[in-house]
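Here the structure comes first, spelled out in structure tokens, and everything after it is commentary.
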Amino acid sequence: MKIKATLLTFVPALFVAPTLDARPAPQRADIVIYGCTSAGVVAAIEARRLNRSVLLVCTGNYLGGMTTNGLGWSDTGNHRAIGGLALDFYRKVKRHYDNPAVWIHSKPPKAGSENFADDGAMWMFEPKVAEKIFEDWVRDAGVDVVRNQPLRRDAQGVERKGQRIVAFTSKSGRRFAGEVFIDATYEGDLMGLSGVSFTTGREANSRYGETLNGVQLKNTTNHQFTLPIDPYRIKGDPSSGLLPRISAATPAADGTADDKIQAYTFRLCMTDVPANRLPLPKPAGYDPGQYALLKRYMDAGYRNFFGKFDRIPNGKTDTNNFGAFSTDNIGMNYGYPLGSDAERARIIHEHVTYQQGLFYFMANDPSVPAETRAEMSRWGLCRDEFVTSGGWPREFYVREARRMVSDFVMAEPHLRGSKPTPRPIGMGSYNMDLAQCAAHC
């Protein structure tokens with residue numbers, strides 16, 4: 001059983017290329033971190049606290065990964081498990097919202113509201129607030145941040161000397177050298193190029209002595225259809241074919257391995273405050289037929305589409321997948337973890353089209369129940385979030401991609417407490433959580 005987390009990977013790496021002298025001189029630091037996710041930022045702050053020089057190399061122009069790109073409703077479980085720099089971040093969030101002047105579009109939630117505040121910390125926030133905290137944090141710590149330097153993903157991308165990385169090269173040709181390297185990306189590209197063993201897809205239950213890994217039908221209870229739905233284009237006629245976004249593949253036996261990964265999405269920051277609301281865009285290539293299964297579900301009486309419009313401050317949401325047909329683009333991401341840059345771009349584009357089309361369909365298609373259209377029409381993107389991309393998040397929610405296979409792999413027995421966790425270095429608290437991997441007939 002995988003857990004939803006960013007992997008901090010201390011990687012050994014490739015070889016020193018024979019043409020090394022012809023390469024541009026590298027930037028150097030004791031610790032080089034590739035990936036400016038929350039994990040990357042926190043690793044950089046800790047490195048500076050240990051008086052080490054550090055380079056934080058970003059694939060894009062911003063810090064924070066999903067924390068600053070829509071995931072503002074933290075999955076925290078038991079808050080007492082959170083400490084260290086993570087707790088420091090959430091306390092910085094609360095100090096920001098303790099100022100009454102920042103509540104522009106809504107009033108503060110009542111004390112004791114779910115996921116609001118306790119222990120001097122606050123567990124929900126606007127993306128732009130999280131981003132400012134991270135920017136201030138790295139500036140005050142003296143972290144050297146290098147932006148817009150995605151890794152060159154070929155044999156020339158990573159240099160090793162023996163079993164250690166000595167440098168990596170970005171697509172622009174810049175080189176970064178150090179003593180220790182951390183891959184803090186969601187994709188694990190530096191890890192993969194460095195020769196570290198990894199896996200993708202679902203392992204069989206037998207691999208790590210689990211009960212809930214691999215293909216799961218019998219134990220699947222969440223995000224399922226709650227009403228019987230005919231899957232055929234012409235009801236009752238299998239010869240008419242399946243509706244779009246239903247797989248005809250026969251599922252393998254429960255607990256067996258396959259190459260599927262849990263669905264990706266964009267965690268939208270939305271608002272129903274007119275003064276801050278942008279209209280929901282109609283994507284190029286919009287095809288209402290892609291939502292025929294959802295239409296049939298609504299025809300049967302389904303109305304709970306808005307179940308995960310989780311409220312965060314100032315009249316905004318962290319909008320996440322909910323139910324059987326929602327923002328997760330199920331089955332359309334299998335090629336992403338190991339895909340080329342072009343393949344990844346195609347997958348991201350397909351997800352944008354799907355998700356923008358979904359909300360446009362719900363707000364505008366005459367076949368959608370009137371009350372649902374009216375509710376969807378209240379919502380839009382935020383004028384004051386992701387302003388360089390029209391209110392759309394800059395980052396794709398890559399729930400999992402490469403996963404390192406090392407001497408120790410955390411699995412279900414460790415989470416259940418039936419096996420010990422040697423040398424633990426951190427704590428967390430949440431469910432053993434997994435999004436959909438496939439949609440079958």
Side-chain angles (χ1 to χ4, degrees), residues 73 114 215-251 262-268 270-272 277 279-283 286-311 316-332 350-351 353-381 397 431 433-441:
W73 178 269
E114 182 186 6
V215 176
Q216 293 292 321
L217 293 177
K218 180 180 178 181
N219 293 311
T220 301
T221 57
N222 293 327
H223 300 297
Q224 304 300 302
F225 285 93
T226 58
L227 300 166
I229 306 299
D230 190 306
Y232 302 112
R233 292 179 182 270
I234 300 174
K235 290 184 179 181
D237 182 4
S239 67
S240 66
L242 294 168
L243 292 172
R245 303 195 176 266
I246 300 178
S247 171
T250 302
Q262 57 182 322
Y264 296 173
T265 187
F266 287 90
R267 293 288 283 258
L268 298 188
M270 305 180 75
T271 185
D272 58 354
R277 186 177 62 206
L280 295 167
K282 179 181 180 181
Y286 169 69
D287 176 10
Q290 292 297 310
Y291 313 102
L293 180 60
L294 177 57
K295 176 187 178 304
R296 194 165 288 179
Y297 197 16
M298 290 187 291
D299 289 344
Y302 178 72
R303 295 292 184 273
N304 203 14
F305 183 78
F306 304 96
K308 284 297 288 181
F309 282 48
D310 290 323
R311 285 287 188 178
K316 299 175 184 177
T317 69
D318 169 352
T319 300
N320 195 12
N321 183 78
F322 184 80
F325 197 117
S326 184
T327 61
D328 279 359
N329 196 357
I330 303 169
M332 303 303 289
E350 204 283 333
H351 279 68
T353 300
Y354 166 78
Q355 201 164 338
Q356 289 184 352
L358 172 65
F359 287 117
Y360 187 85
F361 172 81
M362 293 295 284
N364 296 281
D365 196 279
S367 69
V368 173
E371 67 272 22
T372 301
R373 273 184 284 135
E375 175 62 18
M376 190 71 248
S377 295
R378 292 179 47 236
W379 294 95
L381 304 177
Y397 191 9
N431 305 319
D433 188 17
L434 189 70
Q436 296 111 309
C437 291
H440 293 288
C441 171

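Positions are given from 1, in the same order as the sequence printed here. Below, each value reflects all heavy atoms present in this structure, side chains not excepted, and no hydrogens, waters or symmetry copies.
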Pair Lys295-Val368, side-chain contact (heavy atoms from CB on, under 4.5 Å): steps then yes or no: CA-CA 7 Å; Lys295 176 187 178 304; Val368 173; over 6 Å; no

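- Here CG of Asp365 is found 8.0 Å from CE of Met298. Values are rounded to the nearest 0.5 Å.
- Aromatic ring pairs are classed by plane angle as parallel below 30°, tilted from 30° to 60° and perpendicular above 60°; the pair Tyr360 and Tyr286 is perpendicular.
- Considering only heavy atoms from C-beta on, Ser247 stays 4.5 Å or farther from Ile330 through its side chain.
- In this structure, CZ on Phe322 lies 11.5 Å from CZ on Phe309, to the nearest 0.5 angstrom.
- Using a 4.5 Å heavy-atom threshold, the side chains of Met376 and Phe361 count as separate.
- Annotation: the span from Phe325 atom CZ to Ile229 atom CD1 amounts to 11.5 Å, rounded to 0.5 Å.
- The CD atom of Gln290 sits 9.0 Å away from the CG atom of Asn329 when rounded to the nearest 0.5 Å.
- Under the 4.5 Å side-chain criterion, counting only non-hydrogen atoms from C-beta, Asp272 is in contact with Arg311.
- A distance-only check finds a donor-acceptor pair linking the side chain of Thr265 to the backbone of Thr327 [under 3.5 Å].
- Remark: the Ser326 side chain and the Asp328 side chain contain no N/O donor-acceptor pair separated by less than 3.5 Å.
- Remark: the backbone N or O of Met362 is not paired with any side-chain donor or acceptor of Arg373 at under 3.5 angstrom.
- Ring planes of Tyr297 and Tyr302: parallel class, angle under 30° (limits at 30 and 60°).
- In terms of heavy-atom proximity, Ser377 sits nearest to Ala363 at OG-O, 3.4 Å.
- Using modelled atom types, one side-chain atom of Arg277 and one backbone atom of Arg378 make a donor-acceptor pair closer than 3.5 Å.
- In this structure, CG on Asn321 lies 10.5 Å from OH on Tyr397, to the nearest 0.5 angstrom.
- Nearest heavy atoms, Pro244 versus Gly289: CG-O, 3.4 Å.
- The aromatic rings of Tyr354 and Tyr291 are tilted relative to each other, their planes meeting at an angle between 30° and 60°.
- At least one donor-acceptor pair under 3.5 Å links the side chain of Gln355 to the backbone N or O of Phe266.
- With contacts defined as side-chain heavy-atom distances shorter than 4.5 Å, the pair Thr319/Phe359 qualifies.
- Side-chain contact between Arg245 and Leu293 is absent, with no heavy atoms from C-beta onward closer than 4.5 Å.
- Closest heavy-atom contact between Asp318 and Trp73: OD2-N, 3.1 Å.
- The line from CG of Asp310 to CE of Met270 is 12.5 Å long, rounded to the nearest 0.5 Å.
- Here the closest heavy-atom approach between residue Pro231 and residue Arg296 is recorded as C-NH1, 4.2 Å.
- The minimum heavy-atom distance linking Ala300 with Leu227 is given by the pair O-CD1, 3.5 Å.
- Among all heavy-atom pairs drawn from Gly236 and Asp230, the shortest one is N-OD2, 2.7 Å.
- By the 4.5 Å heavy-atom criterion applied to side chains, Phe305 and Leu358 are counted as neighbours.
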